[in-house]
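Just so it is clear, the values below take in all heavy atoms, side chains as well, and ignore hydrogens, waters and symmetry mates. One-based numbering, in listed order, for ligands and for the atoms of each. Residues: numbered from 1 along the sequence shown.
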Amino acid sequence: MAVNIALAKGRIHKAVMKHLLQSGYEFPTYSDESRKLIFEDATGAVKVTLVKSPDVAVYVERGAADIGIVGEDVLLEEAAGAAVYEILDLGIGRCRMAVAGIAGKKIDFSRRITVGTKYPRIARKFFEENHHGVDIIKLNGSVELAPIVGLSDVIVDIVETGNTLRANGLEVLQYFMDFSARMICNPVSFKLKYDEIKKIVELVKEKDFEA
Ligand code: PRP
């Protein structure tokens, strides 16, 4: 039985595909730059689908994929309460959640502030626990623009290398959470395809993903 794997399109899928290839799987039609969204390995054991990161848990919960690999940040934001098992911390895709603002500009956190973010749930929780009041503006990308154009006082976003913040004249004011990529599994698949899934888990676990 083929194992269907949903990978979060972008950084995570590129890193995971690289290691599946190095582990001996062959995906004849895969390339990093391809626009194709489904790849089967040469033996028919593994089928990979590339999906938008918030959709990985949807695929896995509904059985459209047996396992999924996605950032923990996305799981916390989008998949709270999803009926999936988290079975592995891959230790890749490490990033931090941060509050960031325009470099050098002082922010008065004692007053109600406006926050632009792709992560309203995580941002709200952080500000409600640590500051007075907050207005959250949910954005879908290019979040760094929000303070520059006056849409928000600060942003809450993930920082990996910090390049995006620097390139846009922003700086981190506070880091408050660490994340990495997680493997999640459909509970029924976990029973029905246990051996096949275990093989993949062992394989990706053994790899030095940071290399
Ligand atoms: C994330 C995040 C930042 C960037 C941070 O966006 O929203 O924009 O990565 O990475 P860095 O610290 O290495 O520069 P992503 O590239 O995932 O794209 P998205 O906006 O489409 O979600």
Side-chain angles (χ1 to χ4, degrees), residues 5-19 30-37 48-60 65 68-80 82 86 89-105 107 113-127 134-184 208-211:
I5 310 177
L7 296 182
K9 206 152 56 133
R11 280 180 264 221
I12 287 182
H13 96 252
K14 288 180 185 168
V16 173
M17 287 304 290
K18 186 174 148 204
H19 288 277
Y30 177 77
S31 89
D32 269 4
E33 307 315 323
S34 169
R35 301 291 294 167
K36 212 169 135 54
L37 299 171
V48 173
T49 50
L50 305 185
V51 309
K52 277 286 198 188
S53 55
D55 295 340
V56 171
V58 177
Y59 273 56
V60 173
I69 299 177
V70 61
E72 188 188 5
D73 51 321
V74 177
L75 284 181
L76 284 174
E77 181 64 36
E78 311 273 355
E86 190 180 308
D89 177 350
L90 282 86
I92 59 165
R94 289 190 187 283
C95 56
R96 290 187 282 180
M97 193 63 74
V99 181
I102 292 174
K105 186 176 173 188
I107 304 291
I113 63 161
T114 310
V115 179
T117 186
K118 286 186 286 191
Y119 299 89
R121 182 193 293 260
I122 292 171
R124 183 171 302 284
K125 186 164 186 294
F126 172 74
F127 275 93
V134 64
D135 290 322
I136 304 279
I137 302 176
K138 163 80 163 79
L139 297 168
N140 294 293
S142 301
V143 175
E144 294 79 8
L145 287 173
I148 299 168
V149 300
L151 201 52
S152 70
D153 298 309
V154 295
I155 61 171
V156 164
D157 202 8
I158 58 162
V159 178
E160 189 181 354
T161 61
N163 289 340
T164 312
L165 289 182
R166 271 190 297 278
N168 292 289
L170 269 55
E171 68 181 2
V172 170
L173 303 173
Q174 185 178 351
Y175 289 110
F176 65 94
M177 275 173 129
D178 293 320
F179 302 109
S180 56
R182 302 298 164 109
M183 186 183 285
I184 55 173
D208 180 4
F209 277 106
E210 300 299 341

All side chain to side chain donor-acceptor pair (under 3.5 Å) counterparts of Glu86, not counting sequence neighbours: Arg182

Set of residues that line ligand 1, where lining means a heavy atom lies under 4.0 Å from it: Arg11, Lys118, Glu144, Asp157, Ile158, Val159, Glu160, Thr161, Gly162, Asn163, Thr164

Short side-chain to backbone donor-acceptor contact, Thr117 and Val156, under 3.5 Å: yes

Extract all donor-acceptor atom pairs below 3.5 Å that involve side chains of residues 137-151 and protein atoms in other chains or at least two apart in sequence.
| residue | atom | partner | partner atom | Å |
| --- | --- | --- | --- | --- |
| Lys138 | NZ | Asn140 | OD1 | 3.0 |

Donor-acceptor pairs are to be reported for all side-chain atoms of residues 7-15 against protein atoms at under 3.5 Å, with residues two or more places apart or in another chain.
| residue | atom | partner | partner atom | Å |
| --- | --- | --- | --- | --- |
| Arg11 | NE | Glu160 | OE1 | 3.2 |
| Arg11 | NH1 | Glu160 | OE1 | 2.4 |
| His13 | ND1 | Gly10 | N | 2.8 |
| His13 | ND1 | Gly10 | O | 3.2 |

Check: Ile122 main-chain N/O paired with Glu77 side-chain donor or acceptor under 3.5 Å: yes

Short side-chain donor-acceptor distance under 3.5 Å, Tyr119 and Asp157: no

